[in-house]
Amino acid sequence: MTVTQPTALAAAATDLTKVYGTGETQVIALDEVSVGFRRAEYTAIMGPSGSGKSTLMHCMAGLDSITAGSVRLGDVELSSLSDKQLTLLRREKVGFVFQSFNLLPTLNALENITLPMDIAGTRPDRAWLDHVIEIVGLGDRLKHRPSELSGGQQQRVACARALASRPQIIFADEPTGNLDSRSGAEVLGFLRTSVDDTGQTIVMVTHDPNAASYADRVIFLADGRIVDEMFDPTSGLVLERMKRFEAARVL
Ligand code: ADP
């Protein structure tokens, strides 16, 4: 299935194929996937374990090489870049949020938030930074180190870090996987706010129908292919669709 390819895309894959290994151990993780991610849209990627969700995200973010097809971030075709150019593009245009927070333990919250910009040698836009800190509700925790923060607060720091440089796109890999449901709902809530209020583009891998319900659309993967797409999802509709795919797989 090829998903509609409108114009204002923050990122797009065309006939993206990713094969791991060779010969008998070869795995086709992605099989000619074509998908576009519109600007200011929040997309959830769902599918059973092993369906290619992480591989799709890693290939789209330029973290993994591709076997065939193409990936574009904005107007830039990733295969046209050297390793150095790719690193720079990732640093400047892409934000990441991982399940495991990935904060530096020796830095306080504010230092963690501005770290990518410090590495890139760019100055944070102070008004924007204040706005991001306000969205994620971290104002009184900025001097705390990760070990002095709860899991939910650490993930807020990670989200603020991703948002701070106003990246073209944010890739979030199970961002609520390590959080209790209340903290998870908060994190999902301000990811949603960043899309609605600031036009941020977000692509989020999740297993959780409730998390997916915060997105504008859901893409369903199975065996390395996009098998369905849903707009304006509710957790009930997503759950129903997942059950139908499960049934189709075992019957
Ligand atoms: P998901 O994120 O949906 O669980 P993945 O993208 O991690 O799926 O994996 C898709 C397929 O590719 C799986 O069959 C997995 O075993 C395989 N795979 C993923 N990464 C590697 C790797 N580094 N080497 C070999 N096979 C891999």
Side-chain angles (χ1 to χ4, degrees), residues 1-16 18 29-30 32-48 51-64 66 69-74 78 90 93-99 158-159 162-163 166-177 184-185 187-222 224-242 245:
M1 174 179 179
T2 301
V3 167
T4 354
Q5 302 259 351
T7 46
L9 296 176
T14 307
D15 297 332
L16 166 57
K18 174 67 183 180
L30 295 174
E32 299 192 349
V33 168
S34 294
V35 62
F37 298 107
R38 283 171 283 263
R39 295 186 201 281
E41 189 174 58
Y42 189 170
T43 304
I45 301 177
M46 301 196 81
S51 58
K53 302 182 296 295
S54 303
T55 305
L56 177 60
M57 204 169 80
H58 290 162
C59 289
M60 298 291 310
L63 288 169
D64 207 346
I66 67 175
S70 76
V71 172
R72 297 171 80 86
L73 279 182
L78 294 194
R90 265 203 312 268
K93 307 273 190 205
V94 183
F96 293 99
V97 180
F98 300 98
Q99 185 172 346
C159 289
L163 289 164
R166 297 188 149 184
Q168 195 163 309
I169 190 162
I170 289 179
F171 292 102
D173 196 353
E174 297 273 1
T176 56
V187 164
L188 291 163
F190 61 71
L191 288 177
R192 179 73 251 172
T193 302
S194 73
V195 173
D196 294 338
D197 289 4
T198 76
Q200 182 61 58
T201 307
I202 298 180
V203 177
M204 170 180 78
V205 167
T206 182
H207 280 105
D208 176 6
N210 179 52
S213 73
Y214 285 75
D216 296 304
R217 71 164 175 166
V218 183
I219 284 170
F220 296 90
L221 280 181
R225 293 190 184 150
I226 294 178
V227 291
D228 208 350
E229 171 181 43
M230 182 189 286
F231 288 92
D232 300 323
T234 64
S235 48
L237 284 172
V238 171
L239 194 60
E240 203 175 279
R241 194 74 55 99
M242 285 165 74
F245 290 138

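Since the model is a prediction, treat every value here as computed from it, not as a measurement.
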Check: [Y] and [X] side chains under 4.5 Å, non-hydrogen atoms:
{"X": "D173", "Y": "S54", "value": "yes"}
{"X": "P175", "Y": "M204", "value": "yes"}
{"X": "R241", "Y": "D228", "value": "yes"}
{"X": "L221", "Y": "V227", "value": "no"}
{"X": "L16", "Y": "C59", "value": "yes"}
{"X": "T43", "Y": "I202", "value": "no"}
{"X": "T206", "Y": "Y214", "value": "no"}
{"X": "Q200", "Y": "L163", "value": "yes"}

Return the set of residues passing side chain to side chain donor-acceptor pair (under 3.5 Å) with [X] (not counting sequence neighbours), or none when no residue passes.
{"X": "K18", "result": "D64, S65"}
{"X": "D208", "result": "none"}
{"X": "Q168", "result": "none"}
{"X": "D197", "result": "none"}

Mind checking side-chain contact (heavy atoms from CB on, under 4.5 Å) for [X] and listing every partner two or more places apart, or none if nothing turns up?
{"X": "M242", "value": "M46, P209, F220, V238"}
{"X": "L63", "value": "H58, A61, R90, F96"}
{"X": "A215", "value": "Y42, A44"}
{"X": "T201", "value": "A10, R39, I169"}

Which value, rounded to the nearest 0.5 Å, describes the distance between [X] atom [atom1] and [Y] atom [atom2]?
{"X": "L237", "Y": "D232", "atom1": "CG", "atom2": "CG", "answer": "10.0 Å"}
{"X": "N210", "Y": "S235", "atom1": "CG", "atom2": "OG", "answer": "5.0 Å"}
{"X": "L78", "Y": "R72", "atom1": "CG", "atom2": "CZ", "answer": "9.5 Å"}

For [X], which residues count as a salt bridge (Lys or Arg N to Asp or Glu O under 4.0 Å) partner, sequence neighbours excluded?
{"X": "D216", "result": "R192"}
{"X": "E41", "result": "R38, R217"}
{"X": "R166", "result": "none"}

Where is the tightest heavy-atom contact between [X] and [Y], given as atom of each residue plus distance?
{"X": "A13", "Y": "M60", "answer": "CB-SD, 3.6 Å"}
{"X": "S51", "Y": "A222", "answer": "CB-CA, 3.9 Å"}
{"X": "A212", "Y": "P233", "answer": "O-CG, 3.5 Å"}
{"X": "F171", "Y": "V94", "answer": "CD1-CG1, 3.6 Å"}

Side-chain donor or acceptor of [X] paired with backbone N/O of [Y] under 3.5 Å:
{"X": "E174", "Y": "H207", "value": "yes"}
{"X": "K53", "Y": "P48", "value": "yes"}
{"X": "E32", "Y": "G69", "value": "no"}

Quiz item: With respect to C159, which candidate in I170, L188, V187 satisfies the side-chain contact (heavy atoms from CB on, under 4.5 Å) definition?
Solution: V187
Practice problem: Please assess F37 against I219 for the test side chain to side chain contact (heavy atoms under 4.5 Å, CB included), listing each intermediate value before the final yes or no. | Solution: CA-CA 11 Å; F37 298 107; I219 284 170; 4.0 Å; yes
